[in-house]
Amino acid sequence: MSSRYQSAKQDYLKFGIDTDKVLERLSKIPVSLHCWQGDDVTGFDHDGPLTGGIQTTGNYPGKARTPEELMADMEKVMALCPGKKKLNVHACYAIFEKGEFVDRDKLEPKHFKKWVDFAKKHDMGIDFNPTFFSHEKVNNGLTLSSPDEDTRKFWIEHGKACIRISEYFALETGVPCVMNIWTGDGTKDIPSDRLGPRMRYKDSIEKILAEPYDRNLVKPCVESKVFGIGVEAYTVGSAEFSLSFAAMHEGCLPLMDNGHYHPTEVVSDKIPALLAFFPEIALHITRPIRWDSDHSVLFDDETKEMAKEIVRCDALDKVYMALDYFDASINRISSWSVGFRSWQKALLLALLTPNAQLKALQDQSKFTQLMIEQEAVKTLPFGDVWNEYCSRAGVPDDYSLYAEIEAYEKEVLSKR
Ligand code: RNT
Ligand code: ZN
């Protein structure tokens, strides 16, 4: 234990915070690590482009091309990041036998057995996502909201298959599976009917959720969005639509992705708003720059604020936290790790904040003192506690991270 940590521990104790307890607690909070950062959201079931209004930009060398490469890269990321991980898989990452192909409406648990083995090896639960994009049956940009009944039927069947796979994940791992429904459905230009697609989307999700499943094992979510690339004028699954759907369907969670709102809106403020109504909610943690650009998460103000709200609301077991970014312009392992580590830092900072004292000042309307104390907390020796956390987890600190990533690039990525 470093002398700097010893000294930091005393500083935090003055605010009534036991850093050892905080480190212990943080190490047990699961955060979903998305498999799709490793290959630019490509997956293994198609050769076509990434669609659905999302985009990865950049072509840094070394992208994972096979399940083996992707899993090896994830293992590297996990070895570089402190904290408990959960695995987040998309349906397009189904792993087929040689020569086998199964379309998305017919996917079965067996196509994800290798992911289960991988999760078990690392003692992780699994979250899941039907993939309603990058597929020839996306019809004029529409899937679950399509006016074409065959199209809609296909995607409903895909959703149902994913419920069954989610339940399989939960049964195999012993950890509930959060299954997130997101579609990029929408139109590029001004629609002449905004209600029709939403009514069909609503009906489709209801049909998907009519698939029998154990509510304790599968946690379905609906993710909203403001707009996507090529779908600028109208998004079927808007914020109001998705939130209302979740509110009206018991057991369905709203999922907020912090890249999916107007630039002056903040998800940190929405978290306590939803917690006033929902027993559980879900998050996609990303970093938007001017749009839903999905840059790697950093230890920036809004990231800190979101973590603070979850901790302050005593909601660590009510908020399912998943990362969702894809940067292909830099070393992908680095993007992945910096993002995961940044969210760990944000949670750590939140847990090291004397929230009860600060809340009391607000409740007593002592706003002068509140401002001073909120500022004082910012310069506490957080970095020393973070370094101790990394050291206890056996992962590199921020200063040695690059060397490890560089070595992996040299030994593994550059040979692809
Ligand atoms: C897209 C949504 C969605 C996807 C993933 C790959 O804007 O954020 O969650 O990023 O499903
Ligand atoms: Zn998302």
Side-chain angles (χ1 to χ4, degrees), residues 31-46 48-57 70 87-94 104 126-135 138 141 143-144 155 158-159 162 165-166 177-186 201 205 219-232 234-239 241-243 246 253-263 265 267 270 281-297 303 306 319-328 332 335-336 339 343:
V31 174
S32 264
L33 183 64
H34 54 316
C35 74
W36 52 93
Q37 162 57 33
D39 71 341
D40 312 341
V41 209
T42 307
F44 308 127
D45 76 341
H46 65 100
L50 176 60
T51 66
I54 53 177
Q55 230 169 44
T56 41
T57 50
L70 189 60
L87 172 64
N88 207 350
V89 179
H90 240 285
C92 62
Y93 289 81
R104 294 200 190 149
I126 310 179
D127 288 336
F128 198 45
N129 307 260
T131 310
F132 297 105
F133 53 84
S134 302
H135 191 279
V138 178
T143 61
L144 291 176
W155 290 111
H158 175 53
C162 288
I165 295 161
S166 298
C177 173
V178 174
M179 192 195 96
N180 177 44
I181 297 176
W182 172 76
T183 74
D185 286 25
Y201 193 20
I205 308 174
K219 309 271 177 174
C221 312
V222 183
E223 177 181 12
S224 70
K225 190 154 178 176
V226 62
F227 79 95
I229 296 287
V231 219
E232 288 86 357
Y234 166 67
T235 298
V236 182
S238 60
F241 174 92
S242 307
L243 191 53
L253 281 58
L255 186 147
M256 295 190 290
D257 178 313
N258 64 305
H260 292 191
Y261 296 87
H262 290 282
E265 289 183 72
V267 164
K270 298 175 192 293
I281 64 169
L283 291 182
H284 270 183
I285 301 150
T286 187
R287 180 165 56 101
I289 297 195
R290 305 188 200 289
W291 67 288
D292 181 36
S293 59
D294 293 295
H295 282 65
S296 327
V297 171
T303 305
M306 288 195 294
V319 182
Y320 294 100
M321 302 176 280
L323 299 169
D324 181 20
Y325 48 84
F326 20 99
D327 189 344
R332 292 173 185 78
S335 167
W336 232 340
W343 184 245

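Note that the coordinates shown come from a computational prediction; the quantities given were computed from them, not determined experimentally. Counting starts at 1 for both ligands and their atoms, in listed order.
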Are the side chain of Asp324 and the backbone of Thr286 linked by a donor-acceptor contact shorter than 3.5 Å? no
With atoms numbered from 1 as shown, which atoms in ligand 1 lie under 4.0 angstrom from a non-hydrogen atom of Asp292? 7 (O)
What atoms of ligand 1 come closer than 4.0 angstrom to any heavy atom of His90? 5 (C), 6 (C), 11 (O)
Please state which part of Glu223 comes within less than 4.0 Å of ligand 1, counting heavy atoms only: side chain, backbone, both or neither. side chain
Is there a donor-acceptor pair closer than 3.5 Å between any side-chain N or O of Asp185 and the backbone N or O of Thr143? yes
Counting each atom of ligand 1 from 1 as listed, which ones have a heavy atom of Lys225 under 4.0 Å away? 1 (C), 7 (O)
List every atom of ligand 1 that sits less than 4.0 Å from any heavy atom of Ile54, numbering the atoms from 1 in the order shown and giving each element. 1 (C), 7 (O)
To check you understand the geometry: which heavy-atom pair defines the closest contact between Tyr325 and His34, and what is its length? O-NE2, 2.8 Å
Atom indices of ligand 1 within 4.0 angstrom of Phe326 heavy atoms, with elements: 10 (O)
Counting the benzene-type ring for Trp, do Trp36 and Tyr93 have ring centres under 6.0 Å apart? no
Between Trp182 and His260, what is the ring plane arrangement, given parallel below 30°, perpendicular above 60°, and tilted in between? tilted
Say whether, by atom type as modelled, one donor and one acceptor occur between the side chain of Glu232 and the main chain of Phe227 under 3.5 angstrom. no
His284: numbered ligand 1 atoms lying under 4.0 Å from its heavy atoms: 9 (O)
Under 4.0 Å from a heavy atom of Asp257: which atoms of ligand 1 are those, numbered in the order shown and with their elements? 8 (O)
Measure Asn129 to ligand 1 on non-hydrogen atoms and call it side chain, backbone, both or neither using the 4.0 Å cut-off. neither
OD2 (Asp257) to the Zn ion (ligand 2) to OD2 (Asp324): angle, nearest 10 degrees? 90°
His260 neighbourhood, listing ligand 1 atoms whose heavy-atom distance to it stays under 4.0 Å: 1 (C), 2 (C), 7 (O), 8 (O)
Hydrogens and angles aside, do Ser296 and Ser335 bring a side-chain donor and acceptor to less than 3.5 Å of each other? yes
Apex the Zn ion (ligand 2) - arms OE2 from Glu223 and ND1 from His284 - angle rounded to 10°: 90°
